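Just below is one structure, and these are the notes that go with it.
The model shown is predicted, which means the values in this text are computed figures rather than measured ones.
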Amino acid sequence: MSDPAQSPGARMYEEFVAIHAVLRRGTRLVVDAYERLADGHDTDTATLVDAGRWLLAFTHAHHKAEDDLFWPVLEALYPDARAQLKELSDDHVVLDRRLNALETAIDALDEATKAARATGGTDGARAGAEAARQVHQVLDGHLTAEEAVVEDLFPGVPADDIDRLREAFVQGSPRFGLHFMFGLLDDPEPARGRDLLTENFPPQLRAAGPRLISQYEAGIQGLRGGPGDDSGRPVTSAGPRSS
């Protein structure tokens, strides 16, 4: 395990792991909500659409930053790792196909929600649940492989490169659904590297953290059924869209 006090690159790796925790937890959130929907249980489909769209955008942004910025820096420093890094980029192509299938399901759910005809237990709900499960399975294995490759590489990245990479990642991240990121950093427990990640957020974003976490906690009740839900009520598409 990298030592966060060792170097800027080692600390960056801890931030990397925190982002991976958000991705893993985000896919699990979407899988669980889609499975509730597929079973006909009470599910806020508008919030599920928002969560799914954020997950897609956040995942694509993360992998674009890796392919365009992170991997070239690591390849220049560690030529012997070039083949491993290429394999990780090739995995992104495979994952994109799974993400595209999930996007299709989310688009269909969005249309049904807007038309007030989103219902659980349908073929569309089951297809969405399967697409979400496929993303979760492929993404989880891919993130584990990434961590194994880059853990020993990040500590050697110069501080100037770390600052540039961090800033580029922040600028390239989606500007919507920030409450999902903040909430998932703490749900169900603080993610490894959370504090290192958030301390490098822009001051205005850090200040908004408590409000965004409250927004997340309120919104996910509609995905998880809420306190005391018996998981047997009809599906609902009620609920305001998040910003």
Take Arg53 and Asp110, measure what side-chain contact (heavy atoms from CB on, under 4.5 Å) needs, and give me the verdict at the end. CA-CA 10 Å; Arg53 293 213 189 285; Asp110 190 24; 3.0 Å; yes
Pair Gln171-Glu167, side-chain contact (heavy atoms from CB on, under 4.5 Å): steps then yes or no: CA-CA 6 Å; Gln171 293 302 319; Glu167 176 64 19; 2.9 Å; yes
Step by step, would you call Leu99 with Thr59 a side-chain contact (heavy atoms from CB on, under 4.5 Å)? CA-CA 9 Å; Leu99 292 169; Thr59 305; 3.9 Å; yes
Just do the side-chain contact (heavy atoms from CB on, under 4.5 Å) check on Asp42 and Arg36 with the steps written out, would you? CA-CA 7 Å; Asp42 192 42; Arg36 284 180 56 81; 4.2 Å; yes
Go through it in stages, so that I can follow the logic: the residues are Lys86 and Asp90, the test is salt bridge (Lys or Arg N to Asp or Glu O under 4.0 Å), and I'd like the CA-CA distance, side-chain angles, deciding distance and then a yes or no. CA-CA 6 Å; Lys86 182 181 183 304; Asp90 291 344; 3.1 Å; yes
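Minimum heavy-atom separation, Gly128 to Ala105: CA-CB, 3.7 Å. In terms of heavy atoms, Ala57 sits closest to Phe176 at CB-CZ, 3.7 Å. Shown here for Glu146 and Phe16, the closest heavy-atom pair between the two residues is OE1-CZ, 3.7 Å. Of all heavy-atom pairs between Leu37 and Ala125, the closest is CG-CB, 3.9 Å. In plain terms, the two heavy atoms of Arg194 and Ala18 that are nearest each other are N-CB, 3.9 Å. Nearest heavy atom pair, residue Pro79 against residue Ala76, reads CD-O, 4.2 Å.
Distance check: Arg24 CZ to Leu184 CG gives 13.5 Å after rounding to the nearest 0.5 Å. Rounding to the nearest 0.5 angstrom, the gap separating the CG atom in Leu69 from the CZ atom in Arg166 is 13.5 Å. The line from CG of Leu88 to CG of Leu95 is 12.0 Å long, rounded to the nearest 0.5 Å. Separation of atoms NE2 (His20) and CG (Leu143) is listed at 4.5 Å; rounding is to 0.5 Å. Here Glu130 contributes atom CD and Glu35 contributes atom CD; the two are 9.0 Å apart, rounded to the nearest 0.5 Å. How far CD of Glu14 is from CD1 of Ile19: 13.0 Å, rounded to the nearest 0.5 Å.
Residue-environment remark: CD (Glu87) stays at or below the threshold of 12 foreign heavy atoms within 6.0 Å. Within a 6.0 Å sphere centred on CD of Glu199, other residues, nucleotides and ligands contribute more than 12 heavy atoms.
Taking the ring centroids of Tyr78 and Phe154, they lie at or beyond the 6.0 Å cut-off. The aromatic ring centroids of His63 and His142 lie less than 6.0 Å from each other.
Side-chain contact between Tyr34 and Leu109 is present, with at least one heavy-atom pair separated by less than 4.5 Å. In this structure the side chain of Leu29 never reaches within 4.5 angstrom of the side chain of Arg25, judged on heavy atoms. Residues Glu147 and Tyr13 meet the side-chain proximity criterion, which asks for heavy atoms closer than 4.5 Å. When side chains are defined from C-beta on, Glu103 counts as touching Asn100, because their heavy atoms get closer than 4.5 Å. Looking only at side-chain heavy atoms (C-beta outward), Leu77 and Leu153 stay at 4.5 Å or farther from each other. For the pair Leu185/Pro190, no side-chain contact is recorded, criterion being any heavy-atom separation below 4.5 Å from C-beta on. Within the 4.5 Å cutoff, side-chain heavy atoms of Phe182 are placed close to those of Leu205. Within the 4.5 Å cutoff, no side-chain heavy atoms of Arg211 are placed close to those of Ser214.
Side-chain polar atoms of His179 and Glu217 form no donor-acceptor pair below 3.5 angstrom.
Exactly one of Asp50, Asp44, Thr45 qualifies for a side chain to side chain donor-acceptor pair (under 3.5 Å) with Thr47. That residue is Asp44. For the pairing with His62, the side chain to side chain donor-acceptor pair (under 3.5 Å) check across Lys64, Glu66, His60 returns one residue only, Glu66.
Follow the hydrophobic side-chain contacts under 4.5 Å out from Leu165 and you reach Leu85 in the same cluster. Leu55 and Ile220 fall within a single hydrophobic cluster, where Ile, Leu, Val, Met, Phe, Trp and Tyr side chains are chained together by heavy-atom contacts under 4.5 Å.
Using a 4.0 Å cut-off between a side-chain N of Lys or Arg and a carboxylate O of Asp or Glu, Arg224 and Asp187 qualify as a salt bridge. A salt bridge is defined here as a Lys NZ or Arg NE, NH1 or NH2 lying under 4.0 Å from an Asp or Glu carboxylate O, and Asp160 with Arg164 fails to meet this definition.
In this pair, Trp54 and Phe58 present their aromatic rings parallel. The plane angle is below 30°, not in the 30 to 60° band.
With Ser7 contributing its side chain and Pro155 its backbone, the two residues share a donor-acceptor pair below 3.5 Å.
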